[in-house]
2 protein chains.
Amino acid sequence: MSRRRVTLADVAKIAGVSPTTASLVLSGRGRELRISQDVEQRVLKAAAELQYRPNIVSVGLRTGTTRTIGFISDTVATSRLAGDMIKGALEAARERGFMLFIGETEGDAELERLLLQAMHDRQVDGIILASMYTRTIRVPKGMAAAPAVLLNALPKQPSPLPSVIPDEIEAGRVAAKALLDAGHREGIHLIGAGPGRRNVPPGGSVAAVERLIGIREVLAEAGVKPAGGHVCPDWQPEYGLAATRALLQKERPRALICFNDRVALGAYQALDDFGLKVPADVSVVSFDDHPIAAWMRPQLTTVALPHYELGRKAVDVLFTEIGRDREDDGGEGEVHRVPMPIRVRESVASPGA
Amino acid sequence: MSRRRVTLADVAKIAGVSPTTASLVLSGRGRELRISQDVEQRVLKAAAELQYRPNIVSVGLRTGTTRTIGFISDTVATSRLAGDMIKGALEAARERGFMLFIGETEGDAELERLLLQAMHDRQVDGIILASMYTRTIRVPKGMAAAPAVLLNALPKQPSPLPSVIPDEIEAGRVAAKALLDAGHREGIHLIGAGPGRRNVPPGGSVAAVERLIGIREVLAEAGVKPAGGHVCPDWQPEYGLAATRALLQKERPRALICFNDRVALGAYQALDDFGLKVPADVSVVSFDDHPIAAWMRPQLTTVALPHYELGRKAVDVLFTEIGRDREDDGGEGEVHRVPMPIRVRESVASPGA
DNA sequence: TCGCACTGCTAATCCGATTTAGCAAACCTG
DNA sequence: CAGGTTTGCTAAATCGGATTAGCAGTGCGA
């Protein structure tokens with residue numbers, strides 16, 4: 001709690017030059033502005049000796065850029081899922097010398113407004129507005145003041161903001177393909193949504209709609225018709241359990257595509273209740289790669305939500321956005337889709353086995 | 001991306017006063033400096049109309065205070081555990097109008113140094129250095145530059161920094177008491193550490209040592225001797241499984257105190273393998289309240305790590321620290337212990353049942 | 001009526017950088 | 001050798017507030 005920070009003036013004094021010259025040298029513009037080698041060396045040496053570091057607050061005031069970005073998430077920014085997203089963003093930001101402000105709105109629009117203000121008051125260079133599950137959101141007014149990106153969310157109304165979301169359609173394709181590749185052609189049931197395009201849970205979950213599109217597409221291409229589909233009002237274990245039980249009372253499926261891992265947990269239990277083995281009797285493939293997927297026995301094959309990559313990508317996109325508005329300012333609300341990788345574990349086998 | 005921010009000068013102009021006056025009024029010092037009611041109202045009105053908000057970067061430059069604190073954690077700041085800690089810190093900070101910078105060192109001392117620098121470059125008002133599991137840490141040099149608090153960590157060498165840690169000793173007492181209260185007196189086994197004071201896993205985990213102290217204290221007071229103890233090299237399910245299996249081959253315990261929930265998970269499996277029911281045959285109490293504790297069947301009674309409260313407390317302590325060093329600067333490295341509440345679920349019953 | 005205290009406000013300075021405008025010396029050129 | 005260019009560097013303004021010093025105007029006592 002003692003020694004005053006070293007300032008540019010200190011460096012200049014030691015080097016025997018003006019602060020202007022020191023600034024020029026240290027910002028790398030010395031060469032272009034014809035500062036002599038000798039002076040340049042003196043300044044560099046002085047800066048190194050004093051361990052000079054520019055005060056970013058000061059730079060921020062003068063230049064308006066604080067090398068800082070704000071990360072606001074709607075709900076618990078700090079669940080395991082969100083954590084990985086933040087981690088990705090954190091690392092991508094750090095690689096560019098940026099720091100992250102974190103904020104949580106808890107779904108409260110007023111809080112969201114306050115956080116946006118607080119961040120703008122601190123002159124952030126850009127803002128990432130994240131949702132914990134993929135969905136459409138109303139873009140708050142305060143967003144226009146700085147470059148911004150929607151993460152895991154699409155704008156409800158048309159907006160110039162770019163979005164970064166998981167590629168759920170491709171995920172649907174991958175899940176379906178995993179079963180086809182294992183040799184499944186019949187008795188493929190959907191748990192959580194489907195079989196029709198419009199059989200999705202209420203609430204406008206993007207995941208339901210898009211996963212279904214991908215699944216249907218691949219099955220259709222292979223000439224396979226899903227044997228059935230079961231919408232769950234919410235993707236929780238108890239609904240997965242109930243839906244699968246109901247199914248098992250009528251027929252014996254060969255494979256289940258569960259719409260997320262919690263539903264799959266319920267399905268596992270139902271299968272167990274009916275004495276069916278995974279994957280020998282019934283293959284199961286799912287989505288999300290929730291931590292429980294690796295805890296389940298047999299371990300669940302699932303198409304992962306790439307939270308870490310989503311976070312990284314959001315920062316990447318934000319930087320192009322920051323770069324952009326110095327030149328033209330024509331954002332077009334592009335949507336960036338991040339691939340969802342499948343985690344092959346133990347829950348899929350060929351139907352013959 | 002358009003309208004310039006409203007500045008104090010704008011407000012002053014509209015109100016027809018000097019920026020000085022406007023500043024005085026808005027910082028609440030108008031009264032004491034004899035600004036007339038009339039002028040005060042004009043300034044307030046103008047500020048409200050223009051929706052004026054002070055630029056914190058500017059204030060930071062002049063006053064040195066940025067209403068910002070840095071939160072650095074050693075490992076994955078973004079695991080579920082860390083998440084709650086951050087959430088607690090976030091909310092406590094927000095309540096005072098502060099924002100949080102987040103940083104992750106991943107155990108890398110060099111990265112830690114860089115993060116500290118980056119935060120000091122941004123003039124944070126204070127720093128929270130957090131560990132993901134309770135342990136002693138070497139306090140980095142860069143800490144002296146601003147008020148700081150250790151969270152979930154104790155300084156390895158004597159240090160003036162205050163610490164905030166969970167009250168593991170009391171947790172040990174509470175766990176033991178839970179069994180005593182249920183009527184257990186015999187066949188109480190410790191899985192993970194013990195029974196002797198020095199039977200702890202390598203690595204210097206604070207939790208092992210302190211939980212053991214609390215457990216032994218309460219049992220001793222009740223005149224009860226633990227029937228046995230089993231050190232696990234690491235508190236993972238497989239070791240809990242192995243230790244419990246080994247135990248069951250020799251004798252039949254009536255109650256287990258597992259040193260964390262993952263160990264308990266392994267113990268559950270071993271008990272199941274031997275056909276023993278929880279809690280009818282064997283009661284189990286554990287520590288951490290890891291998310292799996294609520295997933296396990298029967299649900300696990302466990303003494304919770306209060307991550308959220310730890311985060312809040314760290315911010316509280318940091319603020320007294322920030323307040324302190326304006327006056328005297330005598331920090332004394334106090335240790336603040338946060339209570340660990342027991343989550344009573346289904347895994348403890350009376351031995352008679 | 002002069003001098004002093006008080007009231008009510010403002011000019012000027014500062015924080016630590018960046019950036020613009022410009023100056024003195026050396027160097028050409030005709 | 002006067003006049004223009006180039007070289008190499010610096011003074012001063014700026015960002016948006018907080019803070020210090022101080023300045024008019026009024027009231028009042030002597």
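Since the model is a prediction, treat every value here as computed from it, not as a measurement. Proteins get letters first, then strands, A, B, ... in listed order; numbering begins at 1 in each. The figures here come from the full heavy-atom set of this structure, side chains too, leaving out hydrogens, waters and symmetry mates.
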Item to complete: In plain terms, say whether Arg31(B) and Glu40(B) are close enough for a salt bridge, that is, a side-chain N and a carboxylate O under 4.0 Å apart.
Response: yes
Fill in: Any donor-acceptor N/O pair under 3.5 Å between dA17(C) base and Arg62(A) side chain
no
Worksheet item: Does the side chain of Tyr52(A) get closer than 4.0 angstrom to OP1 or OP2 of dA17(C) through an N or O atom?
Response: yes
Discussion item. On DNA chain D, compare the nucleotides closest to Leu61(B) and Leu33(B); which residue's is nearer the 5' end?
Written reply: Leu61(B)
Fill in: dC9(D) phosphate, OP1 or OP2, under 4.0 Å from Ser18(A) side-chain N/O
no
Worksheet item: What integer distance in Å separates Leu24(B):CG from dC9(C):C1'?
Response: 9 Å
Discussion item. Any base atoms under 4.0 Å from Val57(B), or only sugar-phosphate, or nothing? Heavy atoms, all strands.
Written reply: nothing
Fill in: Under 4.0 angstrom between Ser36(A) side-chain N/O and dG8(D) OP1 or OP2
no
Response to the item:
When rounded to whole Å, the CD1 to P distance for the pair Ile35(A) and dT6(D) reads 18 Å
Item to complete: Select base, sugar-phosphate, or nothing to describe what Leu8(A) touches, counting heavy atoms under 4.0 Å on all strands.
Response: base
Discussion item. Can you measure Glu32(B) atom CD to dA18(D) atom C1' for me and round it to whole angstrom units?
Written reply: 13 Å
Fill in: Closest contact, heavy atoms only, Leu90(A) versus Ile102(B)
CD1-O, 3.6 Å
Worksheet item: Please give, in whole Å, the distance from dG17(D) P to Leu50(B) CG?
Response: 12 Å
Worksheet, complete the sentence: DNA chain C nearest-nucleotide lookup for Val17(B) and Ile56(A): closer to the 5′ end is Val17(B)
Fill in: Side-chain donor-acceptor pair present, Arg122(B), Thr68(B), cut-off under 3.5 Å
no
Worksheet item: If you take atom types as modelled and just measure distance, does the side chain of Thr20(A) reach the base of dA11(D) with a donor-acceptor pair under 3.5 Å?
Response: yes
Practice prompt. Would you kindly say whether Asn152(A) and Ser131(A) are connected by a side-chain donor-acceptor distance under 3.5 Å?
Written response: no
Worksheet entry | Rounded interatomic separation in angstrom, taking CG from Leu26(A) and C1' from dT18(C) | 12 Å
Worksheet item: Closest to the Arg29(B) side chain: dT19(D), dT19(C), dG16(D)?
Response: dT19(D)
Practice prompt. Begin from the C-alpha positions of Asp74(B) and Arg135(B) and carry the test salt bridge (charged side-chain N to carboxylate O under 4.0 Å, His left out) through to its verdict.
Written response: CA-CA 11 Å; Asp74(B) 55 355; Arg135(B) 62 190 181 102; 2.4 Å; yes
Worksheet item: Between atom CZ in Arg42(A) and atom C1' in dC9(D), what is the gap in whole Å?
Response: 11 Å
Worksheet, complete the sentence: Between CG of Asp10(B) and P of dG17(D) the distance, given in whole Å, is 8 Å
Worksheet entry | Length of the line joining Arg31(B):CZ and dC9(C):C1', which is rounded to integer Å | 16 Å
Worksheet item: Within the structure shown, what part of the strands sits under 4.0 Å from Thr7(A) by heavy-atom distance: base, sugar-phosphate, or nothing?
Response: sugar-phosphate
Discussion item. Go nucleotide by nucleotide along DNA chain D from the 5' end; which of Thr63(B) and Arg34(B) gets its closest nucleotide reached first?
Written reply: Thr63(B)
